[in-house]
Asks: 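Dropping the structure in here first, questions after.
We name chains A, B, ... by the order of the sequence lines, and we start the count at 1 in each one.
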Amino acid sequence: MKQIWLIFLKDVQQEFKTRYAINAIMLFAIVTLSAVSFSIGAYTATTRVLAALFWIILFFSSMSGLSHIFIREEETQTADTLKLVARPSSIYLGKFFFNLVLLVLLEVILIPLFIAIMNFKVVSFQIFLLTMFIGNFGLAGGGTMVAAIISKASTKGALFTVLSFPILLPVLISGISATRKAAESVKLMDAQNELQALLAYGIIIIVASILLFDFVWNE
Amino acid sequence: MLNAKMELIAEKIVKGFGHFLVLKNISFKVSSGSAIAITGPNGSGKTTLVKILCNLMAPTRGQVVYQNNSQKINREDIFQYIGLVGPYLQLYQELSAQENIDFFARMRNLKNYSARVKQLMELFNLSGREHDSVKTYSSGMQQRLKYVCALIHEPDVLFVDEPRSNLDQAGIEAVYSILQEQKKDKILVISTNDQEDLTLADQIIRVGVA
């Protein structure tokens with residue numbers, strides 16, 4: 001646990017000094033949200049369309065920053081230095097928690113802006129917040145693992161989104177459906193299937209990543 | 001970890017990249033109180049062998065065993081016992097020297113290490129620059145700081161790849177005093193082509209030589 005915390009703190013310290021990932025995801029989110037809002041204009045989109053747009057913005061914004069956590073280690077040649085002092089599972093979990101915090105920060109900015117600009121009316125904040133909370137584990141868990149895989153490739157940036165999309169598709173589908181229900185229903189039971197799917201996916205991807213990370217991270 | 005008898009055993013290490021076989025059946029055993037040197041022409045696999053010994057790279061065949069008082073050390077715990085300085089290992093440039101040192105010390109579960117750090121920083125002539133960002137250091141100063149980070153936990157096995165790399169005469173002398181101290185009761189592994197460095201070793205492994 002101590003190693004996980006130390007790796008997380010080290011990444012926070014580095015991010016605080018460079019602000020690379022946080023700037024990338026925030027700027028991407030705001031620019032995309034503005035572009036979507038201008039494109040739609042006065043047209044009133046259905047909750048189904050708005051839910052899909054919200055998750056598309058969230059997915060692509062997070063893709064612009066989540067990979068940085070491993071790419072930075074490879075590009076600055078500190079990956080071997082880190083391998084030398086940490087257990088693989090600690091590295092994965094330290095980076096996972098950093099990406100989780102990054103996603104929460106993104107959502108703290110994106111959610112109020114999306115609700116205000118796109119006129120998205122949330123009926124059940126309970127369903128909406130649960131969807132975001134559980135969905136974050138899947139997004140951060142899968143994103144962190146794919147980031148570790150692509151950090152060793154030469155075309156890192158493009159590969160990350162392309163590889164992440166099929167892996168994170170179950171989160172997107174369940175997330176879009178649960179978000180639509182948060183805008184249409186007040187009963188938590190109505191979104192039970194989607195929330196269960198998000199939870200199951202999150203647990204599976206994190207456990208599988210911890211087990212497989214040693215093979216991905218070590219040459 | 002002092003007074004423990006450490007053994008580093010390499011058993012028939014083979015490493016290939018595609019069809020190209022770099023290391024062929026490398027075997028040796030080294031115990032506390034001795035030094036081993038790895039030498040060979042450029043591209044012969046010296047660094048590859050060091051990385052395999054440090055658990056940074058998996059061999060194609062063969063295995064590396066660390067024993068502490070005849071007890072095999074778990075692969076995941078090897079990092080507690082070893083230190084490595086090499087040109088391919090970089091420090092965190094955005095962080096200060098002290099932040100780098102604290103990170104590596106705490107990752108190795110060290111608690112009271114300030115006296116050791118002070119002693120090493122003085123030896124490597126880095127005192128007074130602890131709070132400067134590493135990116136403001138010259139390459140020679142960064143190399144000195146790498147030694148500090150690798151030595152805080154007084155490793156039972158110290159690996160040094162190209163010991164003189166980027167160092168001036170004073171730096172080389174500081175490194176030599178450390179290496180001499182290390183081989184007294186612990187294990188020293190040097191990868192070098194320098195004849196003077198080879199005199200430190202009790203055993204020489206030549207790689208890439210038919």
Asks: Counting only non-hydrogen atoms closer than 4.5 Å, does Arg106(B) touch chain A with its backbone (N, CA, C, O), its side chain (CB onward), both, or neither?
Replies: both
Asks: May I ask you to check whether Tyr66(B) and Tyr81(B) place their ring centres under 6.0 Å from each other?
Replies: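 No, they do not, as the ring centres are separated by 6.0 Å or more.
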Asks: State whether Lys51(B) and Asp161(B) are salt-bridged, where the test is any N-O pair (Lys NZ or Arg NE/NH1/NH2 against Asp/Glu carboxylate O) under 4.0 Å.
Replies: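 Salt bridge between Lys51(B) and Asp161(B), a charged N being under 4.0 Å from a carboxylate O: no.
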Asks: Under a 4.5 Å heavy-atom cut-off, does chain A meet the side chain of Gln93(B), its backbone, both or neither?
Replies: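 It is neither, since no heavy atom gets under 4.5 Å.
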Asks: What part of Asn109(B) is in contact with chain A, defined as an atom under 4.5 angstrom from a non-hydrogen atom: side chain, backbone, both or neither?
Replies: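 Contact with chain A: backbone and side chain both.
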Asks: Within a 6.0 Å radius of atom NZ on Lys17(A), are there more than 12 heavy atoms belonging to other residues, nucleotides or ligands?
Replies: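 For Lys17(A), atom NZ is crowded (more than 12 foreign heavy atoms under 6.0 Å).
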Asks: Examine whether an atom of Thr78(A) lies under 4.5 Å from a heavy atom of chain B, and if so say whether it belongs to the side chain, the backbone or both; otherwise answer neither.
Replies: both
Asks: What's the shortest heavy-atom distance between Lys46(B) and Thr192(B), and which atoms?
Replies: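 In this case the closest contact between Lys46(B) and Thr192(B) is CD-O, 4.3 Å.
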Asks: Name the region of Ile7(A), side chain, backbone, both or neither, that has any atom closer than 4.5 Å to a heavy atom of chain B.
Replies: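 Both backbone and side chain of Ile7(A) come within 4.5 Å of chain B.
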Asks: Applying the ring pair (Phe, Tyr, Trp, His ring centres under 6.0 Å) test to Phe70(A), which of Phe213(A), Phe98(A), Phe96(A) qualifies?
Replies: Phe213(A)
Asks: Which bit of Ile82(B) comes within less than 4.5 Å of chain A, counting heavy atoms only: side chain, backbone, both or neither?
Replies: side chain
